[in-house]
Amino acid sequence: SLGSGSTYIFPVGKGTATTNYYPFTLTNPTTGGSAPAITVEAFAANCGGTANAPLISLSTTEYWSVSFTGNYTDGSVSLERQTALGDLNNIGRCNTVNGAYSTLSGTISGTSIIFSDATGSSLNYFVMTMSSCTTSTNFYSKASSDLSLSASWGTNTNGSGNTPCNFTSNNATYNIRNNATPTIGANWTVSGTGSQVIVGDGTNPCTFTVPSSFICTTPKITINNNGTLKNQNASSSFNGSDVTGANFVINAGGTYQHDCNGGTIPVGTWASAATLNVTGIVGTAPTIAVASPAQSGSANIIFGNITWNCPSQTVAADFPFETEQALGTFNLASTGSGKIGVTASIIGVNYTQSGGTFDLYGGAGYAQLQVYGNYTMTGGSIINSSSDAYFVFCGYGTTSNIQMIDANITDNIKAYFRSYGTAHNFVMVNDITYKYVLLDVGPANLDFNGKTITITDVLWNHDGTYVNPGPGKITADATGSTL
């Protein structure tokens, strides 16, 4: 009788010759309430069956008959003989001894073919086979198929050609394309050393969805332009054990959509025009993995664009404790009844907010939302629930348009206009009333643009270096006491 999760070797053979020894191995059997009793018999003969594609031919010198009593639900098999395999590279199975055998894949190991695909609850007859599959290093998905099946792949760019023998071969690349909405119909694991998955051909739209009912695991994934990885399963893993970002690559125009509750947003290498789209958070905050070492200076992660749109969110979701950078636009659309928070710095070229709650709560120090381009707030709220917090509008020689809803920003957040030594225009889009304003604009302009800034408490300067007052400019003297 067998138990689940073990390896069982059946030392069977036929006759007395050493070449007639045919061990049969059952790995990781899954059993139900009553452990099954497995019976294996080897035959030194031709099974008389035929081959279903992609199988081409069957061994004519041996086969195995396997039966059971009790409850057997799944497992993997390995077949061994004592002579060279020749062209045999696959395991075939059939319900009848002389019927049509279908592939269960497998991996060549000496004179064995090991680790078949999952058997399901059927065993019956097994034979070594020759398959049209190959251990080539480049495979392409077919137009309409389940990507977890080896038959769904081919060596030609349209998905035709030889199929992979398995997903365990080393240095294999699986290119997902030829279908705008590919998915998987079972757990899919790519495990070969140096192997990877590539989403999209760089031109045509392609959204690869990992549904909530199945797990996708791969040591590396690359998402190309117009490609999207839509992950709905929090247990999926796309970058192995990498912590640098090298194994999760999002090229310009590519998108990773985190459409699951909780889970981990992998540490990655993001192009400035790549997008992280968080849409699935409900009651469990995601883990946002940080790079080790930091990707640039004090920035643990450098993203491209970030969009957060979780209308069913009920939990507070925090960005990691150190600086994060968005090289494109940070777009906050919805946090439901929850919020997102940061304890240190979020740095973005542009920031837009149409809904949701952003908490700059600072932890033990202070939090900053630094914007180097345009700031547009048309909805939602920004709060500071604990320590000091700043909006930092940073100038680097271009123009920043600033649109704020001051009533939706708590009074304990300070507005800080700061220029870094080059002429910069801060252009107000609407009238605002603000409690604390800090000016360090140097040669920059704070352009009223016909609007009014009302300061209800304190206006002060950072270092006292300002140009002379003039039209469209706001300055403070060295004490910060006059406008």
Do the non-hydrogen side-chain atoms of M377 and I409 ever get within less than 4.5 Å of each other?
-> yes
Give, for atom OG1 of T307 and atom CG of N277, the distance between the pair rounded to the nearest 0.5 Å.
-> 5.5 Å
Side-chain donor-acceptor pairs under 3.5 Å in residues 214-222, sequence neighbours left out?
residue : atom : partner : partner atom : Å
T218    : OG1  : K220    : O            : 3.1
T222    : OG1  : Q196    : OE1          : 3.4

At what distance, to the nearest 0.5 angstrom, does CD1 of I250 lie from CG of N305?
-> 12.0 Å
Nearest heavy atoms of F115 and T27, plus distance in Å = CE2-OG1, 4.1 Å
Contact summary for N233 and P211, nearest pair of heavy atoms = CB-O, 3.6 Å
What are the two closest heavy atoms between G262 and A234, and how far apart are they?
-> C-CB, 4.3 Å
Considering only heavy atoms from C-beta outward, does the side chain of V267 approach that of F248 to under 4.5 Å?
-> no
Nearest 0.5 Å please: distance from the CZ atom of F358 over to the CG atom of N408.
-> 15.0 Å
Step by step, would you call N309 with V278 a side-chain contact (heavy atoms from CB on, under 4.5 Å)?
-> CA-CA 6 Å; N309 187 13; V278 183; over 6 Å; no
Find out whether T335 and W308 are in side-chain contact, i.e. whether some heavy atom of one side chain is under 4.5 Å from a heavy atom of the other.
-> yes
Say whether D201 and N204, considering side chains only, have a donor N or O and an acceptor N or O under 3.5 Å apart.
-> yes
Under 3.5 Å donor-acceptor, T279 side chain and C310 backbone | no
S169 side chain vs A172 backbone, donor-acceptor pair below 3.5 Å | no
Are a donor atom and an acceptor atom from the side chains of N384 and T410 found within less than 3.5 Å of each other?
-> no
Using side-chain contact (heavy atoms from CB on, under 4.5 Å) as the criterion, list what pairs up with T155, not counting sequence neighbours.
-> T134, S136, F139, N162
Gap separating the OG atom of S76 from the CD1 atom of I114, nearest 0.5 angstrom | 9.0 Å
Hey, are the side chains of I382 and I413 touching, using non-hydrogen atoms and a 4.5 Å cut-off?
-> yes
Mutual orientation of the aromatic rings belonging to F330 and Y351 [parallel < 30°, tilted 30-60°, perpendicular > 60°] | parallel
Look at the side chain of N224 and the backbone N and O of G227, then say whether any donor-acceptor pair between them is shorter than 3.5 Å.
-> no
Could you tell me whether a side-chain N or O of N179 sits under 3.5 Å from a main-chain N or O of A143, the two making a donor and an acceptor?
-> yes
Does the side chain of T103 come within less than 4.5 Å of I91's, by heavy atoms?
-> no
So W153 and Y140, ring-ring contact (aromatic ring centres under 6.0 Å, His included) or not? Walk me through it.
-> CA-CA 5 Å; W153 298 85; Y140 303 86; 8.5 Å; no
Over all atoms of both residues, closest heavy-atom pair of V349 and L327 | CG2-O, 3.1 Å
Of all heavy-atom pairs linking D74 and A118, the shortest is OD1-CB, 3.3 Å
4.5 Å side-chain heavy-atom contact, Y256 and P266 | yes
Is the backbone N or O of D146 less than 3.5 Å from a side-chain atom of S152, with the two atoms forming a donor-acceptor pair by type?
-> yes
Are N231 and F238 side-chain neighbours, meaning at least one heavy-atom pair lies under 4.5 Å?
-> yes
Can you find a pair of side-chain heavy atoms, one from P29 and one from Y72, that are under 4.5 Å apart?
-> yes
Side-chain donor-acceptor contact under 3.5 Å, S160 with N158 | yes
Is it true that a side-chain atom of T183 and a backbone atom of T209 form a donor plus acceptor pair closer than 3.5 Å?
-> yes
Scanning both residues in full, the closest heavy-atom pair of F167 with S148 reads CE1-O, 3.4 Å
NZ-SG distance between K230 and C260, expressed to the nearest 0.5 angstrom | 11.5 Å
Can a donor-acceptor pair be found between the side chains of S102 and N52 at a distance below 3.5 Å?
-> yes
When rounded to the nearest 0.5 angstrom, what distance separates CG in N350 from CG in N374?
-> 5.0 Å
Are the side chain of D318 and the backbone of V342 linked by a donor-acceptor contact shorter than 3.5 Å?
-> no
Could you please spell out the steps behind the side-chain contact (heavy atoms from CB on, under 4.5 Å) verdict for V282 and Q313?
-> CA-CA 4 Å; V282 183; Q313 181 177 336; over 6 Å; no
Answer with yes or no whether the side chains of N166 and S105 bring together a donor and an acceptor at under 3.5 Å.
-> no
Derivation of the side-chain contact (heavy atoms from CB on, under 4.5 Å) call for T376 and N401 = CA-CA 8 Å; T376 305; N401 295 300; over 6 Å; no
Polar side chain donor-acceptor pair, T329 to N331, under 3.5 angstrom | no
Would you find a donor on one side and an acceptor on the other, under 3.5 Å apart, between the side chain of N225 and the backbone of G202?
-> yes
Is N226 reaching over with its side chain to a backbone N or O of T203, donor-acceptor style, under 3.5 angstrom?
-> yes
Kindly indicate, with the supporting measurements, whether the criterion side-chain contact (heavy atoms from CB on, under 4.5 Å) is fulfilled by L147 and F208.
-> CA-CA 10 Å; L147 299 185; F208 168 42; 3.8 Å; yes
Do D259 and Q232 get their side chains close enough for a donor-acceptor pair, meaning under 3.5 Å?
-> yes
Short side-chain to backbone donor-acceptor contact, Q257 and T228, under 3.5 Å | no
